[in-house]
Amino acid sequence: MNATYALRRQEIVEEEPPVAEMRVRWPALFTERQIAKEFTRLTSMDINKFYEGLDSHLHKLLQLFRLKRFEEVQDMTSLMESLDKDASNQRKRAAALQGLPWYMKENPSTLMKRCEPTDPGEDFIKGMVIGILLVVEDVKEPLPVSYNDVAIVIEEKIVMRHLGDVPNAFVNLMGLLYMLNLDYPKEMKYTFEVIQRLFMGIGSEMCTSRVHSLKNKLLS
């Protein structure tokens, strides 16, 4: 994989092949290990810095989610109520990532979809350009104890499965977006900007005004 890096980058950047084609041509790329290595080759940083950045803002971010203006947002309220039942660090991470789009005035339903194990998964990923599919026993529980499956979807195809939890899915999704030279979904651009600039520290000096406002609140 090291020896063919230059060839892959040329192919991805110049030809922009469909992701399904990339999976056939470079199947080893779609593994957690290779995503981490490819991300380091591209950015000269460890992809797991994501967790360090997220954890540094967890407490303040969750405080912001409890502001009065979100009392009318049922999804955010349910998320916080579920977190109150068990506030382990991993559940805090999941709550922060799931609540972030609501805080940034975006709708996470375009990014994350839930289905039960007996549901036909293809129906849920139809029209999904970039996102995460959560297979759970109870779709009404925002922070389940465990997941039957956590998968990444790109161009209506599941490209990775069995990622364990929401934070790990986001880490690998960010790695794939960089690796495959894909744009962030327009309807979720602020959410991904927060992840990139505030959590991962990439281009943190170039925030849009909306993300800069959140940055100031997190650092105050």
Side-chain angles (χ1 to χ4, degrees), residues 11-13 15-27 29-32 35 38-39 50 70 72-79 82 94-144 146-196 199 208 210-211:
E11 181 178 324
I12 290 170
V13 174
E15 300 179 20
E16 299 182 350
V19 174
E21 184 178 317
M22 287 295 298
R23 289 185 70 205
V24 173
R25 181 156 171 72
W26 305 102
L29 277 182
F30 294 83
T31 63
E32 294 185 58
I35 287 172
E38 203 82 350
F39 187 83
F50 168 93
F70 292 115
E72 301 298 321
V73 181
Q74 184 57 50
D75 290 68
M76 185 74 96
T77 301
S78 298
L79 191 62
S82 181
L97 291 166
Q98 290 176 223
L100 181 61
W102 291 116
Y103 187 88
M104 301 308 295
K105 301 178 181 178
E106 296 173 327
N107 190 338
S109 65
T110 63
L111 174 66
M112 303 184 70
K113 294 186 182 295
R114 298 169 180 271
C115 70
E116 296 180 353
T118 55
D119 292 331
E122 59 273 13
D123 291 348
F124 288 83
I125 64 176
K126 187 175 182 180
M128 203 174 191
V129 180
I130 291 172
I132 297 169
L133 179 67
L134 305 174
V135 183
V136 294
E137 295 294 338
D138 182 3
V139 295
K140 294 181 180 179
E141 171 53 59
L143 296 173
S146 61
Y147 299 87
N148 294 72
D149 195 7
V150 179
I152 292 176
V153 178
I154 299 179
E155 297 173 359
E156 299 185 316
K157 301 291 184 183
I158 291 178
V159 298
M160 292 185 73
R161 309 193 75 125
H162 311 304
L163 293 170
D165 55 39
V166 170
N168 192 41
F170 270 93
V171 169
N172 284 281
L173 178 57
M174 289 299 294
L176 284 170
L177 293 178
Y178 271 79
M179 185 180 79
L180 299 172
N181 200 37
L182 298 175
D183 293 332
Y184 297 147
K186 290 182 179 179
E187 66 274 14
M188 297 293 293
K189 63 180 181 179
Y190 294 113
T191 295
F192 279 99
E193 184 185 345
V194 170
I195 294 172
Q196 175 194 321
F199 298 168
T208 59
R210 191 179 299 188
V211 173

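You'll find the side chain of Val150 stays beyond 4.5 Å of the side chain of His162, heavy atoms only. Within the 4.5 Å cutoff, side-chain heavy atoms of Leu100 are placed close to those of Ile195. Residues Ile154 and Met160 are not in side-chain contact: their nearest non-hydrogen atoms beyond the backbone lie 4.5 Å or more apart. In this structure, Thr208 and Val211 have side chains that are in contact, with non-hydrogen atoms separated by less than 4.5 Å. Under the 4.5 Å side-chain criterion, counting only non-hydrogen atoms from C-beta, Leu173 is in contact with Leu111. Between Ile158 and Leu133 the shortest side-chain heavy-atom distance falls below 4.5 Å. Between Gln196 and Tyr184, the closest side-chain pair of non-hydrogen atoms falls below 4.5 Å. Annotation: side chain of Thr110 is not in contact with side chain of Pro185 (no heavy-atom distance under 4.5 Å).
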Given Arg210 and Glu193, is the salt bridge (Lys or Arg N to Asp or Glu O under 4.0 Å) satisfied, shown in steps? CA-CA 10 Å; Arg210 191 179 299 188; Glu193 184 185 345; over 6 Å; no
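Here the closest non-hydrogen pair linking Leu29 and Ile35 is O-CG1, 3.3 Å. Listed here is the closest heavy atom pair of Pro142 and Leu79: CB-CD1, 3.7 Å. The two residues Leu143 and Ala94 come nearest to each other via the heavy atoms CD2-CB, 3.7 Å. Summarising the geometry of Glu106 relative to Met188, their closest heavy-atom pair is OE2-C, 3.3 Å, with the distance given to 0.1 Å. Between Phe50 and Pro167, the shortest heavy-atom contact is CE2-O, 4.0 Å. Between Val136 and Pro144 the shortest heavy-atom distance is CG1-CG, 3.8 Å.
Rounding to the nearest 0.5 Å places CD of Glu156 at 10.5 Å from CE of Met128. Between the CD1 atom in Ile152 and the CD1 atom in Ile125 there is a gap of 13.0 Å [rounded to 0.5 Å]. One finds the CE atom of Met22 at 9.5 Å from the CD atom of Glu15 (value rounded to the nearest 0.5 Å). With values rounded to the nearest 0.5 angstrom, Phe39 atom CZ is found 10.0 Å from Leu177 atom CG. Note that CD of Glu38 is 10.0 Å distant from CZ of Phe30, once rounded to the nearest 0.5 Å.
Applying the ring pair (Phe, Tyr, Trp, His ring centres under 6.0 Å) criterion to Phe70, with sequence neighbours excluded, gives Tyr103.
No donor-acceptor pair under 3.5 Å is formed between the side chain of Ser82 and the backbone N or O of Ser78.
No more than 12 heavy-atom neighbours from other residues, nucleotides or ligands sit within 6.0 angstrom of CD on Glu72.
Residue pairs meeting the salt bridge (charged side-chain N to carboxylate O under 4.0 Å, His left out) criterion with at least one partner in residues 110-127, sequence neighbours excluded, do not occur; the list is empty.
Defined by atom type and a distance below 3.5 Å, a donor-acceptor pair is present between the side-chain atoms of Glu137 and Asn148.
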